[in-house]
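See structure below.
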Amino acid sequence: MNFELSEDQRLLRDSVRDFLAAELPLEASRRIMEHEPRGFDVTAWQRFAEMGYLGVQLPEAAGGQGLGVIELAIVLEEIGRACAPGPHLDVMLAAALLGEAGGSGLEEVTAGKSIVTTAREDSPWAGTAAPG
């Protein structure tokens, strides 16, 4: 069994790595984590969406790239490697679940205009209004 990345996967990895190095060097990530109330930089989030990374695993019809879980893992690994602040994992997984359930509005998510996340029914906050 071959565990090496394909040429396309290596190009994706390098693209994400280069993008994050340019857009969110460690100093900028630290500043954002320490001083940004939202926990991420909206401008960087928009640029991340423009690169197509938020919809890497979503179908093209939903504004995604239609790639697989390996490519999703590559993008998320590079986000972790760069310590890039933001709800990347939550948004990507929630969007995938929403897409599988036939939900709409994924174009807004892949464009970085909406942030979605998952919730559990047995959560302590189930059935309560969102804070403030």
Side-chain angles (χ1 to χ4, degrees):
M1 182 169 244
N2 184 4
F3 291 106
E4 297 293 320
L5 296 177
S6 70
E7 181 63 28
D8 287 343
Q9 291 167 336
R10 284 192 300 275
L11 287 171
L12 175 63
R13 180 198 60 204
D14 294 346
S15 168
V16 177
R17 187 175 289 179
D18 292 346
F19 171 79
L20 290 169
E23 293 292 324
L24 289 169
L26 189 56
E27 309 80 44
S29 292
R30 176 171 281 160
R31 185 182 71 255
I32 292 165
M33 288 185 272
E34 292 175 354
H35 301 291
E36 176 57 53
R38 290 184 206 124
F40 66 98
D41 180 81
V42 175
T43 304
W45 183 261
Q46 287 296 317
R47 286 194 293 264
F48 198 79
E50 289 168 6
M51 294 296 292
Y53 300 140
L54 292 178
V56 71
Q57 83 289 6
L58 296 175
E60 292 178 26
Q65 294 188 35
L67 301 176
V69 293
I70 300 296
E71 291 78 12
L72 173 62
I74 289 168
V75 172
L76 291 171
E77 180 178 27
E78 289 305 316
I79 290 168
R81 183 179 176 280
C83 297
H88 305 93
L89 177 63
D90 293 333
V91 169
M92 292 171 161
L93 294 179
L97 289 172
L98 187 60
E100 289 293 320
S104 61
L106 291 176
E107 296 84 3
E108 294 287 315
V109 175
T110 58
K113 296 177 182 176
S114 293
I115 294 178
V116 295
T117 191
T118 59
R120 297 186 339 237
E121 190 173 321
D122 62 340
S123 165
W125 301 281
T128 62

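For the residue pair Glu71/Gln9, the side-chain donor-acceptor check at 3.5 Å is satisfied.
Of all non-hydrogen atoms in Pro87 and Trp45, the two that sit nearest each other are CD-CZ3, 3.6 Å. Between Met92 and Leu72 the shortest heavy-atom distance is SD-CD1, 3.6 Å. Of all non-hydrogen atoms in Leu54 and Ala49, the two that sit nearest each other are CD1-CB, 3.5 Å. Phe40 and Gly86 get closest at one heavy-atom pair: CB-CA, 3.6 Å. Across every non-hydrogen atom of Gly112 and Gln46, the tightest pair is O-NE2, 2.7 Å. The two atoms that bring Ala82 and Ser29 nearest to each other are O-OG, 4.0 Å, heavy atoms only.
In terms of hydrophobic clustering, with Ile, Leu, Val, Met, Phe, Trp and Tyr side chains grouped at heavy-atom distances under 4.5 Å, Leu67 and Leu89 are assigned to a common cluster. Hydrophobic clustering (side-chain heavy atoms under 4.5 Å, transitive across Ile, Leu, Val, Met, Phe, Trp, Tyr) groups Val56 together with Val91. Hydrophobic cluster membership differs between Leu11 and Ile70, with clusters built from Ile, Leu, Val, Met, Phe, Trp and Tyr side chains linked at under 4.5 angstrom.
Within the 4.5 Å cutoff, the side chain of Leu24 has no heavy atoms near those of the Phe48 side chain. Side-chain contact between Glu60 and Gln65 is absent, with no heavy-atom pair separated by less than 4.5 Å. Within the 4.5 Å cutoff, side-chain heavy atoms of Ser15 are placed close to those of Met51. Counting only heavy atoms from C-beta outward, the side chains of His88 and Ile79 approach each other to under 4.5 Å. Residues Val109 and Ile115 fail the side-chain proximity criterion, which asks for heavy atoms closer than 4.5 Å. The shortest side-chain heavy-atom distance between Tyr53 and Leu12 falls under the 4.5 Å cut-off. Looking at heavy atoms from C-beta onward, Pro85 lies out of side-chain contact with Asp41 at the 4.5 angstrom threshold.
Within 6.0 Å of CD in Glu34 there are more than 12 heavy atoms belonging to other residues, nucleotides or ligands.
With rounding to the nearest 0.5 Å, the separation of CG in Leu98 from OG1 in Thr118 is 11.5 Å. The distance from the SG atom of Cys83 to the CE atom of Met33 is 6.0 Å, given to the nearest 0.5 Å.
The main-chain N or O of Leu5 is found under 3.5 Å from a side-chain atom of Arg10 such that the two form a donor-acceptor pair. Glu100 places no side-chain N or O within 3.5 Å of a backbone atom of Leu97 that could act as its donor or acceptor partner.
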Glu78 and Phe19: side chain to side chain contact (heavy atoms under 4.5 Å, CB included), yes or no, with the steps?
-> CA-CA 10 Å; Glu78 289 305 316; Phe19 171 79; over 6 Å; no
